[in-house]
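To keep things clear, I will list the structure first and then write my remarks on it.
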There are 2 protein chains.
Amino acid sequence: MSVGIRHDDLRRRNRAMVISAVRRASQPSRTEIAATTGLSHSTISTISSDLISEGILAEAKFSEPVSMKRGRPQVGLMLDADAASVVAVVLSLNSLSAAIIDYAGNTVTEETRRLVTQQMPAEALVDECVGMVRRLIDSAGASGGAVLRIAIAVQGITDAASRKLLWSPITRYDDIPFADRLEQEFGVPVSVENDCNMIAEALRWRDPVRYRDDFIAILLSHGIGMGLVIKGELFTGTQSSGAEFGHMIHRPDGALCRCGRRGCIEAYAGNYAIWRNARVGDENAEPLADLSDDDIRAVADAARDHDGPEREAFRKAGEAIGFGLGSMFALFDPAPLAFVGVGATAFDIMEPHVRAAIAKTAGGLHSKAISFDTEPNEVPLKREGAMMRALLAVDQEIFAAGTAPRRAGADVA
Amino acid sequence: MSVGIRHDDLRRRNRAMVISAVRRASQPSRTEIAATTGLSHSTISTISSDLISEGILAEAKFSEPVSMKRGRPQVGLMLDADAASVVAVVLSLNSLSAAIIDYAGNTVTEETRRLVTQQMPAEALVDECVGMVRRLIDSAGASGGAVLRIAIAVQGITDAASRKLLWSPITRYDDIPFADRLEQEFGVPVSVENDCNMIAEALRWRDPVRYRDDFIAILLSHGIGMGLVIKGELFTGTQSSGAEFGHMIHRPDGALCRCGRRGCIEAYAGNYAIWRNARVGDENAEPLADLSDDDIRAVADAARDHDGPEREAFRKAGEAIGFGLGSMFALFDPAPLAFVGVGATAFDIMEPHVRAAIAKTAGGLHSKAISFDTEPNEVPLKREGAMMRALLAVDQEIFAAGTAPRRAGADVA
DNA sequence: AGTATTTTTTCGAGGCTCGAAAAAAAGAGC
DNA sequence: GCTCTTTTTTTCGAGCCTCGAAAAAATACT
């Protein structure tokens, strides 16, 4: 099972701790790092001077002299932006975008283009990714650090090893091996991640106070996605990316879902379902393939304006989400929620029904205490999440190990 | 956040690895331990001779000479039964039992008695536990190692810190602080655990091949309980023991549940629900407080014998369980299942309906591959689970640390 | 009885972290 | 302007820990 700790793991782990402390805090001093990691000052001193000489960290030159205290001033440590760079790719329905990001997290170059993903062969999808990444790397030229990692946030179900796109609403094809192809093309590790998991990862970095150890991100768009952080870790399935909240069953044998099954939460709360209930009035009608943001906003406006099928459609959506959350809360207790995507703009209409449904479930005891937050624009979140995923991999897997700690160190000295 | 690895943690962790390897395997040799832990032979040699001199491990005297190989024969290591002992307490509806178990896992003494738990004040429940543990410790006398840990498996929801019984069907009272009282009484750490979690823990030790990293134990009795192991760890809630499968929502605003809410899985699949559907025919009728095993077996026999309300009741139960599992599998992919308790004797009637329901959900793709296993007798499983929980705590928290590694070691030498 | 083989222990080397002390870098006080 | 105080950072020696190699131990084979 779990393996013993070798002597050389010790350094690797503690280097990882230091890098992680610097990435998390803003220019922490060595003393602060010692405090947060619990390691001694001398250890932090040794490790950080190693990392600086390897070009991974740098001392902040003009740290604002916040101190105004006596004594030697603290000198902040920061990530050396030129230590490396990563590529964050976001692939969604009819849209592909990518960016090169330096080691400190600044965007170097980016590109976005529209594609008709549902009508492209699987090969072509991968080719588009490869092409865009290639162009970005070429345009960035020799500036900054070498690209050490690529992360792709993609709508759909990925495998647990983050290598393939198992299934996605953006294409008719299954099992598309994005990672293998891109690794072969660029010679760096590639991971393929579910977009909602990346949204959760991004929220954690945007607001570490609210979204710390346990929270839930729900993407309300054409379908319903979820990113789940439990006990400080992204919750993924054992074989897939997991957390397919949209396909939990709300009503057995109920409304027709885009996935072909019946009664899924998505079949009540996805944009297509809300539109169908509001405008078609038949929950068994074939789901629309796509729906513009304006379409759904129009339904929301109508629902706000007067009672009628639109308002009823949002009631059903809120109810489905609420009962689904209630079932989840039976499994692992309530947690703060973030609603992301176009649907979040209409969340005000759904919220009372979500709360009413949760109140009827095991999560009901705390239903008033559960915090809801909305963020309409999911695109930057997906990119930030993929970026953080890639950067953290560089931190932990490459820089913590210390590329040839003896040989490279000797070269430098 | 996570804290750095201090120099002394290293030894503690590797000692823990060795102890754990010995507990898991049956009399492994030092060489085998080195292989499974990945540590060097010299390290294993040092650590194991320390552990032997501290009286935690012992060399097996007459290990069957399975080898028949040339060379120095391997000498198996085993846990020293006298190193310590633990108490495993199982508290269920109308029944309390406890046992003293030595460090090697052998039962030293045990006692069981019937109580009318629902009519006892909270204090009296705790008093009964204290009294029984006291009698056991007294009767065991000075034989064996000192009691270093107590674990209580109790039906109901416990808090995440395993200290209190938050809610339980066995009593009208909430927030009963079992751990505090018992610790005060016996001066050793006490943990209060959900009984189904202990069932899962026990299954892992009974059949480590089938129940390894991901599996689900479902207790089919008056209510429905669940113990969940995901990625090698017992899955608990963030604030409570979690995995309240029985109170996931099967049908919004559906049948009346024992918990007062509506539509819970338990309200269709708990013994009282099956009995109610079979014999009362009104899913809103007030649930019975208790039901004998014979009652439910009679319904099962009737269902097997002829079509009618009994068979229909089991169909509804299987359907509720199947859809609930399907919803869970949307979150974390399918896993092997063990059905435990009286209800498991009737599982043959439910199985086709469980599978049919799962097939209608996101878990349906693999519905045929999901393995079902039944074990009617839950009582020994609860005890074994509590025992393992307590023993592992002694392993990891007490013996791995090495009580005063310098001073005690010096005393021995 | 001697040799081959496998397991276990011993021993020295190298690495890592730690605590204490020293060095560095500022503000405070006169 | 100089010294003292305070705080941060580095340096240095000590103590552990793990590792690899070699030695020792224990058995089967010839």
Side-chain angles (χ1 to χ4, degrees), chain A residues 3-18 27-35 37-53 57 59-77 400-402 404-406 409-410, chain B residues 3-18 27-35 37-53 57 59-77 400-402 404-406 409-410:
Chain A
V3 90
I5 302 185
R6 318 280 298 290
H7 202 221
D8 30 333
D9 290 343
L10 198 59
R11 214 6 166 350
R12 193 175 49 72
R13 294 206 194 191
N14 286 340
R15 280 169 64 103
M17 294 296 310
V18 172
Q27 303 200 347
S29 71
R30 291 166 175 80
T31 308
E32 285 165 11
I33 298 173
T37 59
L39 297 168
S40 74
H41 287 183
S42 37
T43 302
I44 299 300
S45 185
T46 314
I47 291 178
S48 51
S49 76
D50 281 0
L51 292 172
I52 289 171
S53 78
L57 297 186
E59 296 195 334
K61 283 305 159 202
F62 301 109
S63 58
E64 348 74 88
V66 271
S67 47
M68 269 311 169
K69 291 183 302 187
R70 278 219 226 184
R72 179 173 175 173
Q74 304 190 349
V75 36
L77 294 180
R406 210 120 326 124
Chain B
V3 90
I5 302 184
R6 318 277 300 289
H7 201 223
D8 29 333
D9 290 342
L10 199 59
R11 214 2 165 353
R12 194 175 48 72
R13 294 208 194 192
N14 286 340
R15 280 169 64 104
M17 293 297 309
V18 171
Q27 304 201 345
S29 70
R30 292 165 174 83
T31 309
E32 284 165 11
I33 297 173
T37 59
L39 298 168
S40 73
H41 287 184
S42 36
T43 302
I44 299 300
S45 185
T46 314
I47 291 178
S48 52
S49 76
D50 280 0
L51 291 173
I52 290 171
S53 77
L57 297 186
E59 295 196 334
K61 284 303 158 202
F62 300 109
S63 57
E64 347 75 88
V66 271
S67 47
M68 269 312 169
K69 290 183 302 187
R70 276 218 227 184
R72 180 172 175 172
Q74 306 191 350
V75 37
L77 295 180
R406 213 123 323 129

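Letters A, B, ... mirror the listed sequences (proteins, then strands); counts begin at 1.
Contact check, A/Arg6 against D/dT18: no side-chain N or O comes under 4.0 Å of OP1 or OP2. For A/Thr43, a side-chain nitrogen or oxygen approaches OP1 or OP2 of C/dC18 to under 4.0 Å. The side chain of B/Asn14 places an N or O atom within less than 4.0 Å of a non-bridging phosphate oxygen (OP1 or OP2) of D/dT18. Contact between the side-chain N/O atoms of A/Arg30 and the OP1/OP2 oxygens of D/dT10 is found at a separation under 4.0 Å.
When the side chain to side chain contact (heavy atoms under 4.5 Å, CB included) test is applied to A/Arg12, the partners found at least two apart in sequence or on another chain are A/Asp9, A/Ala400, A/Ala401. Residues passing the salt bridge (charged side-chain N to carboxylate O under 4.0 Å, His left out) test with A/Arg30 are A/Glu59, sequence neighbours excluded. Taking the side chain to side chain contact (heavy atoms under 4.5 Å, CB included) definition, one finds that B/Ser40 meets it with B/Ser42, B/Thr43, sequence neighbours left out. The side chain to side chain contact (heavy atoms under 4.5 Å, CB included) search around A/Ser45 returns none, not counting sequence neighbours. For B/Asp50, the side chain to side chain contact (heavy atoms under 4.5 Å, CB included) partners two or more places apart in sequence, or in a different chain, are B/Arg11, B/Arg15, B/Glu54.
B/Thr31 comes within 4.0 angstrom of the backbone, heavy atoms only, and of no base.
If B/Asp8 and B/Ser49 are placed on DNA chain C by their nearest nucleotide, the residue sitting closer to the 5' end is B/Ser49. For the pair A/Ser29 and A/His7, nearest-nucleotide mapping onto DNA chain D gives the more 5' position to A/Ser29.
Rounded to a whole Å, the CD1 atom of B/Ile47 is 9 Å from the P atom of D/dC19. Straight-line distance from the CG atom of A/Asp9 to the P atom of D/dC16: 22 Å, rounded to whole Å. Note: CZ (B/Arg13) to C1' (D/dT18) measures 16 Å, nearest angstrom. Atom CZ in B/Arg11 sits about 13 Å away from atom C1' in D/dG15, given to the nearest Å. Note: CG (B/Leu77) to C1' (C/dT7) measures 12 Å, nearest angstrom. Atom-to-atom, CD1 of B/Ile44 to P of D/dC19 comes out at 8 Å; the value is rounded to the nearest Å. If you measure from atom CD of A/Glu32 to atom P of D/dT7, you get 15 Å, rounded to the nearest angstrom. Rounded to an integer number of Å, the gap from CD of B/Gln74 to C1' of D/dT27 is 13 Å.
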**Request:** Apply side chain to side chain contact (heavy atoms under 4.5 Å, CB included) to the pair A/Met17 and A/Ile47, showing each step before the final yes or no.
**Result:** CA-CA 10 Å; A/Met17 294 296 310; A/Ile47 291 178; over 6 Å; no
**Prompt:** What's the verdict on side chain to side chain contact (heavy atoms under 4.5 Å, CB included) for A/His41 and A/Ile44, showing C-alpha distance, side-chain angles and the deciding distance?
**Reply:** CA-CA 5 Å; A/His41 287 183; A/Ile44 299 300; 5.8 Å; no
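For D/dG20, its base never sits under 3.5 Å from the side chain of B/Ser40 at any donor and acceptor pair.
Nearest to the side chain of A/Ser42, among D/dG15, C/dG19, D/dT8, sits C/dG19. When distances run from any side-chain atom of A/Ser45 to the nucleotides D/dT9, C/dC18, C/dC16, the shortest one goes to D/dT9.
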**Asked** How does protein contact run along nucleotides 21-30 of chain C, one letter per nucleotide 5' to 3', with B for base contact, S for sugar-phosphate only, - for none, heavy atoms under 4.0 Å?
**Response** --BBBBBS--
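The closest side-chain heavy-atom distance from A/Ser48 to A/Ile33 is not below 4.5 Å.
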